[in-house]
Amino acid sequence: MTPAVECRSLTKSFGDLTAVDSVDLEIRPGEILGLLGPNGAGKTTTIRILTTLLPADAGSAAVFGFEVATHPITVRRLIGYVPQQLSADGSLSGRENVALFARLFDVPRRHRGRRTDEALESMGLTAAADRLVSTYSGGMIRRLELAQALISQPRLLILDEPTIGLDPVARQGVWERITELRDTTGMTVLITTHYMDEANDVCDRVALMHHGRISALGSPGELRAGVGQHATLDDVFRLHHGETIEQQGGGLRDVVSTRRTAHRLG
């Protein structure tokens, strides 16, 4: 079976900094894989390569057998991407936001209305579809962004910190929608998160990334069992790297971005 994602010796440097260092990673079709690690570990750079936003320096990356470097248009049609930064326009209604993405993804005109309605319904936003997004709660905004990403019916959904800034109830609602969607469609999901409880409860497997390399890979249960009977994923990370995964980045840019996103989500 063709892997959903296959990286072989994937490498990317910025000057003297090697952000992604010969990464080998395979994601199985239909699984939810969490890419975990501290800010600066190389997670976002890896995602930017997979989403065709950044070229690799060496190695290869493929999505469902299509090389990212040589088939970028095909790869873009196979993926849906929800970045950390907000992508919804508060001056438009939820329906207008999703319809705009339908046009951006070149959904045929005759299918746009139906696909927009289906995406909104899948995220539980039908009743609020014609309200301005500026009136939405944080959890609703995140679900709207998922609807935007789903309008192209992607085979791979990539979520970069999808619940950042949300309260526990809103976080749970977002993950319920994501897992229901995976279970009903067989979609593959790649996520990054700093919430270890989310990774433990939602992911089929997790890959720990540090200094541009994959340092551990397995199911949450397998990784915890390798540490001890009552170990958590935080314990697993400390074992491999001698530190904890902070829930907000260490650099000024990371902090500013996180606080801006959290503020806009309410």
Side-chain angles (χ1 to χ4, degrees), residues 4-5 27-37 43-44 47 50-51 79-88 94 97-98 118-128 133 136-209 217-224 232-234 236-237 245-248 258 261-262 264-266:
V5 173
I27 303 177
R28 304 161 184 160
E31 79 170 329
I32 299 179
L33 184 133
L35 188 59
L36 313 181
K43 308 184 302 297
T44 297
I47 284 177
L50 291 175
T51 54
I79 63 176
Y81 176 41
V82 179
Q84 282 190 38
Q85 291 77 18
L86 295 182
S87 56
N97 269 278
V98 177
E118 289 174 350
L120 289 164
E121 182 179 5
S122 71
M123 290 296 111
L125 292 172
T126 300
V133 172
Y136 282 18
S137 67
M140 292 171 68
I141 292 173
R142 274 294 188 242
R143 285 188 279 127
L144 176 64
E145 291 179 314
L146 285 168
Q148 293 171 170
L150 295 173
I151 195 67
S152 63
Q153 298 181 336
R155 295 174 64 187
L156 171 65
L157 181 62
I158 299 177
L159 309 172
D160 194 2
E161 298 286 346
T163 58
I164 188 171
L166 299 184
D167 63 64
V169 174
R171 285 170 54 195
Q172 181 179 358
V174 169
W175 285 120
E176 286 176 353
R177 297 290 176 179
I178 293 171
T179 53
E180 287 172 6
L181 189 67
R182 190 281 298 266
D183 292 344
T184 56
T185 67
M187 177 185 297
T188 306
V189 183
L190 170 62
I191 70 165
T192 70
T193 180
H194 284 158
Y195 298 113
M196 293 299 98
D197 58 329
E198 291 184 346
N200 185 75
D201 295 341
V202 174
C203 296
D204 299 305
R205 292 189 301 154
V206 298
L208 295 182
M209 195 169 189
L217 176 65
S219 71
E222 290 169 344
L223 295 179
R224 295 196 317 271
T232 66
L233 284 183
D234 279 315
V236 174
F237 192 85
I245 299 178
E246 296 183 7
Q247 297 193 3
Q248 184 162 298
T258 300
T261 300
R264 291 184 64 187
L265 286 173

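Index from 1, following the sequence.
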Of all heavy-atom pairs between [X] and [Y], which one has the smallest distance, and what is that distance?
X    : Y    : answer
L144 : G94  : CD1-O, 3.6 Å
D204 : G30  : OD2-O, 4.4 Å
K43  : M209 : N-SD, 3.8 Å
P220 : N200 : CB-OD1, 3.6 Å
A170 : G139 : CB-CA, 3.9 Å
V133 : A88  : CG1-CB, 4.2 Å

Any salt bridge between R224 and D234, counting N to O under 4.0 Å?
no

Taking side chain as C-beta onward, heavy atoms only, is I178 less than 4.5 Å from V202?
no

Heavy-atom distance under 4.5 Å between the side chains of L157 and T188, does that happen here?
no

Look up atom [atom1] in [X] and atom [atom2] in [Y], then write down how far apart they are to the nearest 0.5 Å.
X    : Y    : atom1 : atom2 : result
L159 : L35  : CG    : CG    : 12.0 Å
L50  : Y81  : CG    : OH    : 10.0 Å
Y195 : T193 : OH    : OG1   : 7.0 Å
T232 : L223 : OG1   : CG    : 11.5 Å
W175 : D201 : CH2   : CG    : 10.5 Å
L33  : S219 : CG    : OG    : 11.0 Å

Criterion side-chain contact (heavy atoms from CB on, under 4.5 Å) on L181 and L146, from CA distance to verdict
CA-CA 11 Å; L181 189 67; L146 285 168; over 6 Å; no

Would M187 and L150 count as a side-chain contact (heavy atoms from CB on, under 4.5 Å) if you check the C-alpha gap in whole Å, the side-chain angles of each, and the deciding distance to 0.1 Å?
CA-CA 10 Å; M187 177 185 297; L150 295 173; 3.6 Å; yes

I'd like to check the side-chain hydrogen bond (donor to acceptor under 3.5 Å, both in side chains) partners of T192; sequence neighbours left out, ordered by chain and number.
D160

Determine yes or no for a side-chain-to-main-chain donor-acceptor pair under 3.5 angstrom, with T163 supplying the side chain and L166 the backbone.
no

Measure from the side-chain N and O atoms of E31 to the backbone N and O of R28, and report whether any donor-acceptor pair falls under 3.5 Å.
yes

For residues S87 and E145, is any side-chain donor paired with an opposing acceptor at under 3.5 Å?
yes

Going through the checks in order, is the side-chain contact (heavy atoms from CB on, under 4.5 Å) test met by V82 and I158?
CA-CA 6 Å; V82 179; I158 299 177; over 6 Å; no

List in chain and number order the residues that pass side-chain contact (heavy atoms from CB on, under 4.5 Å) with R177, two or more places apart in sequence or in another chain; answer none if no residue qualifies.
M123, R143, E180

Does the pair N97 and Q148 meet the rule for a side-chain contact (heavy atoms from CB on, under 4.5 Å), with working shown?
CA-CA 7 Å; N97 269 278; Q148 293 171 170; 3.4 Å; yes

Passing candidate, side chain to side chain contact (heavy atoms under 4.5 Å, CB included) with R171, options R142, E198, E176:
E198

Among L36, L217, I191, exactly one meets side chain to side chain contact (heavy atoms under 4.5 Å, CB included) together with V206. Which residue is that?
L36

